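Below are the structure tokens for one structure; questions will follow.
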Amino acid sequence: METSNQVKLTSLTTKGGCGCKIGPADLVQVLQSLPPAVSNPNLLVGLDTSDDAGVYKLTDDVAIVQTLDFFTPIVDDPYDFGQIAATNAISDVYAMGGTPITALNIVAFPIAKLDKSILTEILRGAGDKLKEAGVTLVGGHSIDDQEPKFGLAVTGTVHPEKVLTNAGAKAGDKLVLTKPIGVGIYTTSLKHGALSNEEIERVTSIMTTLNKTASEVMSKYEVHAATDVTGFGLLGHATEMAKASGIGIRIISEQVPILPRTKELAEAGRIPGGTKSNYAHVDDAVTYADKLDQLDRYILCDAVTSGGLLISVSANDVDQLIDEMNKKGVHAAIIGEVTSVHSGNIHVD
Ligand code: CO
Ligand code: CO
């Protein structure tokens with residue numbers, strides 16, 4: 001039996017680096033082949049809009065926000081893996097403008113192969129993040145499995161009229177991103193032993209930073225749309241926003257915060273499969289400036305775990321929003337703008 005000192009958790013995964021989501025093209029096909037769900041007037045946000053979480057109205061003042069995320073280990077430290085999984089799962093509630101309140105753990109673990117102490121550490125990491133977010137753990141479910149997998153179902157509350165979705169971005173808005181990208185390329189490099197300890201710490205600290213402060217600040221300003229950047233990458237999530245809002249988006253590539261060694265690591269071939277399928281999936285909707293080479297384009301589509309919020313905010317409010325976020329330790333940047341032309345499309349300069 002392997003204990004947490006010996007085992008490299010990321011080496012136990014058959015795939016990895018990106019959280020192993022089913023690719024967007026396949027997922028869309030599967031969902032479209034199902035009969036439409038029974039409609040309910042209280043369902044404010046459902047399956048059909050590619051949003052971060054479902055929202056269901058309980059009363060005129062309260063709606064619940066529900067989301068679920070789980071994946072295979074993307075770092076070797078079990079405590080960090082638990083923290084990342086919790087931060088990532090809670091993020092979808094923050095992205096909808098909600099307040100997370102309860103969570104359930106979802107565990108798959110090879111109990112005959114790995115020491116129980118590894119699972120203890122995963123759950124301790126998640127528990128500490130839940131505490132930081134003010135979320136109460138109410139239960140969970142575990143199964144014996146070949147590969148460890150962990151995640152959470154999270155429930156939050158939101159005022160039914162204050163739900164933030166992908167839709168609602170307005171021409172003239174500025175687009176803000178609150179964490180750097182390149183996380184998928186970094187975690188794939190980690191799996192191949194190509195990161196220094198400092199780099200592992202850096203990318204881990206990005207993935208374990210709650211979007212709580214970013215979400216609280218965002219709620220004070222005129223924000224028209226929001227999502228979090230995760231498995232479908234910056235351009236994947238931006239495309240979903242452009243389509244749902246019926247607007248165009250211009251991204252200024254030099255302003256996008258990117259982890260420092262991302263391009264070098266991409267050049268060495270550490271590009272997750274999910275990143276390449278994201279790139280292919282958004283190809284029809286995205287035009288790139290000629291100066292951007294193939295690696296630059298992949299990086300903008302890089303499959304992220306526990307990424308930042310992508311916020312469409314009124315141009316009048318953006319400077320104050322950035323200022324307040326920066327003062328509170330959120331490294332937010334303006335990365336582009338919303339346009340009235342080329343609805344549903346992205347142009348990257
Ligand atoms: Co999300
Ligand atoms: Co999600």
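Just so you know, residue 1 is the first one in the sequence shown, and it goes up from there. In listed order, ligands and their atoms are each counted from 1. If you're wondering where the values come from, they're calculated on a predicted model, not measured in any experiment.
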According to side chain to side chain contact (heavy atoms under 4.5 Å, CB included), who are the partners of Leu130, at least two apart in sequence or on a separate chain?
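Leu130: side chain to side chain contact (heavy atoms under 4.5 Å, CB included) contacts with Ile90, Ala103, Val135, Leu137, Leu152.
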Give the name of the N/O/S atom in Asp92 that lies closest to the Co ion (ligand 1).
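Answer by atom name: OD1.
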Is the Co ion (ligand 1) less than 2.8 Å from an N/O/S atom of Asp52, whether that atom is in the backbone or a side chain?
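Within the cut-off used here (under 2.8 Å), Asp52 does place an N, O or S atom near the Co ion (ligand 1).
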Thr67 versus Asp92, side-chain donor and acceptor atoms under 3.5 Å:
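Thr67 and Asp92 do have a side-chain donor-acceptor pair below 3.5 Å.
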State whether Asp228 contributes an N/O/S atom found under 2.8 Å from the Co ion (ligand 1).
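So Asp228 does bind the Co ion (ligand 1) by this criterion.
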When you compare the side chain of Asn211 with that of Thr178, does any pair of heavy atoms fall below 4.5 Å?
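Thr178 reaches Asn211 side chain to side chain.
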Between CD of Glu337 and CD1 of Ile252, what distance do you get to the nearest 0.5 Å?
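One gets 5.5 Å once the value is rounded to the nearest 0.5 Å.
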